[in-house]
Chemist: 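Once you've had a glance at the structure underneath, I'll fire off some questions.
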Amino acid sequence: QVQLVESGGGLVQAGGSLRLSCAASGRTFSRDTMGWFRQAPGKEREFVAAITWNGGTFSADSVKGRFTISRDNTKITVYLQMNSLKPEDTGVYYCAARPAYLSSRSYEYDYWGRGTQVTVSS
């Protein structure tokens with residue numbers, strides 16, 4: 001059974017930091033592109049960042065310079081380090097995987113976690 005399990009969300013003040021983790025299991029993810037998406041209340045799910053199996057990354061303009069995506073293929077875990085958080089970063093953060101190259105399109109991802117809530121207070 002394929003599983004992506006996010007953790008690390010919580011409540012933080014503006015300017016603070018959080019580190020999200022996504023643990024993958026159930027298939028070989030070592031060659032997959034892994035991505036993070038988020039969804040705020042009343043808004044569509046949006047791309048945050050993605051990383052290829054060999055470390056290539058791509059991030060949304062809104063998080064560049066603040067968020068860093070990384071992965072540990074030995075642990076089959078992807079991380080999202082979020083610094084200088086803003087209230088507009090609030091939302092449910094989802095981990096996703098696709099057995100292909102980088103993409104920012106959510107519909108191109110095959111596997112999804114259930115999400116972890118991030119709330120940034122002003």
Side-chain angles (χ1 to χ4, degrees):
Q1 182 181 359
V2 174
Q3 280 193 315
L4 297 176
V5 181
E6 303 95 337
S7 62
L11 173 64
V12 64
Q13 289 188 331
S17 299
L18 283 174
R19 188 194 195 202
L20 305 183
S21 298
C22 171
S25 62
R27 62 181 294 274
T28 300
F29 286 94
S30 59
R31 292 282 179 169
D32 283 14
T33 287
M34 306 294 292
W36 286 98
F37 292 79
R38 66 186 181 188
Q39 187 166 20
K43 294 187 177 181
E44 292 186 354
R45 191 170 299 188
E46 65 174 359
F47 171 75
V48 176
I51 185 167
T52 62
W53 68 274
N54 59 350
T57 62
F58 176 61
S59 301
D61 288 343
S62 60
V63 305
K64 281 181 180 176
R66 300 189 298 123
F67 291 10
T68 302
I69 187 171
S70 62
R71 67 190 289 166
D72 184 337
N73 285 335
T74 62
K75 296 180 180 179
I76 320 178
T77 301
V78 180
Y79 305 98
L80 185 68
Q81 178 66 45
M82 306 187 295
N83 299 326
S84 302
L85 283 160
K86 304 175 181 180
E88 51 263 44
D89 294 318
T90 294
V92 178
Y93 282 68
Y94 298 91
C95 176
R98 67 187 303 260
Y101 49 84
L102 280 174
S103 173
S104 61
R105 302 179 180 88
S106 59
Y107 60 83
E108 292 187 340
Y109 284 76
D110 300 313
Y111 305 100
W112 290 85
R114 293 187 175 184
T116 184
Q117 176 70 45
V118 171
T119 304
V120 184
S121 63
S122 57

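The basis for the numbers below is simple: all heavy atoms, side chains too, and nothing from hydrogens, waters or symmetry mates.
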Chemist: Going by the rule salt bridge (charged side-chain N to carboxylate O under 4.0 Å, His left out), which residues pair with Lys64 if we only count those two or more places apart in sequence or in a different chain?
Modeler: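 Asp61.
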Chemist: Which ILVMFWY residues can you reach from Leu102 by hopping between side chains whose heavy atoms are under 4.5 Å apart?
Modeler: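 Result for Leu102 is Phe37, Phe47, Phe58, Val92, Tyr94, Tyr109, Trp112.
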Chemist: Other members of the hydrophobic cluster containing Tyr79, with the 4.5 Å side-chain heavy-atom rule, please.
Modeler: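 Taking Ile, Leu, Val, Met, Phe, Trp and Tyr as members, Tyr79 stands alone, with no cluster partners.
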Chemist: Quick one: which residue pairs count as a side chain to side chain donor-acceptor pair (under 3.5 Å) with a foot in residues 48-57, not counting sequence neighbours?
Modeler: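 Counting only pairs at least two positions apart or across chains, the side chain to side chain donor-acceptor pair (under 3.5 Å) contacts touching residues 48-57 are Thr52-Asn54.
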Chemist: Listing request: all side chain to side chain donor-acceptor pair (under 3.5 Å) pairs with a residue in residues 8-24, at least two apart in sequence or in separate chains.
Modeler: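 Non-adjacent pairs meeting side chain to side chain donor-acceptor pair (under 3.5 Å): Ser17-Asn83.
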Chemist: Looking at residues at least two apart in the chain, or sitting in another chain, which of them share a side-chain contact (heavy atoms from CB on, under 4.5 Å) with Leu18?
Modeler: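 Checked Leu18 against side-chain contact (heavy atoms from CB on, under 4.5 Å); matches are Val12, Met82, Leu85, Val118.
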Chemist: Please name all residues satisfying salt bridge (charged side-chain N to carboxylate O under 4.0 Å, His left out) with Arg45, sequence neighbours left out, ordered by chain then number.
Modeler: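 Checked Arg45 against salt bridge (charged side-chain N to carboxylate O under 4.0 Å, His left out); zero matches.
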Chemist: Would you check if the side chain of Arg66 reaches a backbone N or O of Ser84 as a donor-acceptor pair within less than 3.5 Å?
Modeler: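 Indeed, once roles are kept as given, a pair shorter than 3.5 Å links the two residues.
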Chemist: If only atom types and distance count, is the side chain of Glu6 paired as donor or acceptor with the main-chain N or O of Thr116 below 3.5 Å?
Modeler: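 Pair absent, no side-chain N/O of Glu6 close to backbone of Thr116.
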Chemist: Checking Ala40 now: which residues fulfil side-chain contact (heavy atoms from CB on, under 4.5 Å) with it, not counting sequence neighbours?
Modeler: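 In terms of side-chain contact (heavy atoms from CB on, under 4.5 Å), with neighbours along the sequence ignored, Ala40 is linked to Lys43.
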Chemist: In chain order, what residues pass the side-chain contact (heavy atoms from CB on, under 4.5 Å) check against Glu108, with sequence neighbours excluded?
Modeler: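 Arg98, Ser103, Arg105.
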Chemist: Tell me whether Val78 is reachable from Val2 by hopping between hydrophobic residues (I, L, V, M, F, W, Y) whose side-chain heavy atoms are closer than 4.5 Å.
Modeler: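 The answer is yes; both residues are in one hydrophobic cluster.
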Chemist: Listing request: all disulfide (SG to SG under 2.5 Å) pairs with a residue in residues 11-113, at least two apart in sequence or in separate chains.
Modeler: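 Every disulfide (SG to SG under 2.5 Å) pair that includes a residue of residues 11-113, provided the two are not neighbours, is Cys22-Cys95.
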Chemist: Who else is in the cluster with Leu11 when I, L, V, M, F, W and Y are joined by side-chain contacts under 4.5 Å?
Modeler: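 None; Leu11 is a cluster of one.
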Chemist: Apply side-chain contact (heavy atoms from CB on, under 4.5 Å) to the pair Leu4 and Met34, showing each step before the final yes or no.
Modeler: CA-CA 10 Å; Leu4 297 176; Met34 306 294 292; 4.0 Å; yes
Chemist: Measuring only between side-chain heavy atoms, which start at C-beta, is Ser25 closer than 4.5 Å to Ile76?
Modeler: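 The answer is no, as the side chains (C-beta and beyond) never meet within the 4.5 Å cut-off.
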Chemist: Suppose the criterion is side chain to side chain donor-acceptor pair (under 3.5 Å): which pairs have a residue in residues 30-42, not counting sequence neighbours?
Modeler: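 Checked against side chain to side chain donor-acceptor pair (under 3.5 Å) - neighbours excluded - the pairs reaching residues 30-42 are Arg27-Asp32, Arg38-Glu46, Arg38-Asp89, Arg38-Tyr93.
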Chemist: Rounded to the nearest 0.5 Å, what's the gap from CZ on Arg71 to CG on Leu80? Could you check?
Modeler: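 These two atoms lie 13.5 Å from each other.
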Chemist: Please determine, by modelled atom types, if Gln117 and Thr119 share a side-chain donor-acceptor pair under 3.5 angstrom.
Modeler: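 Yes, Thr119 and Gln117 have a side-chain donor paired with an acceptor closer than 3.5 Å.
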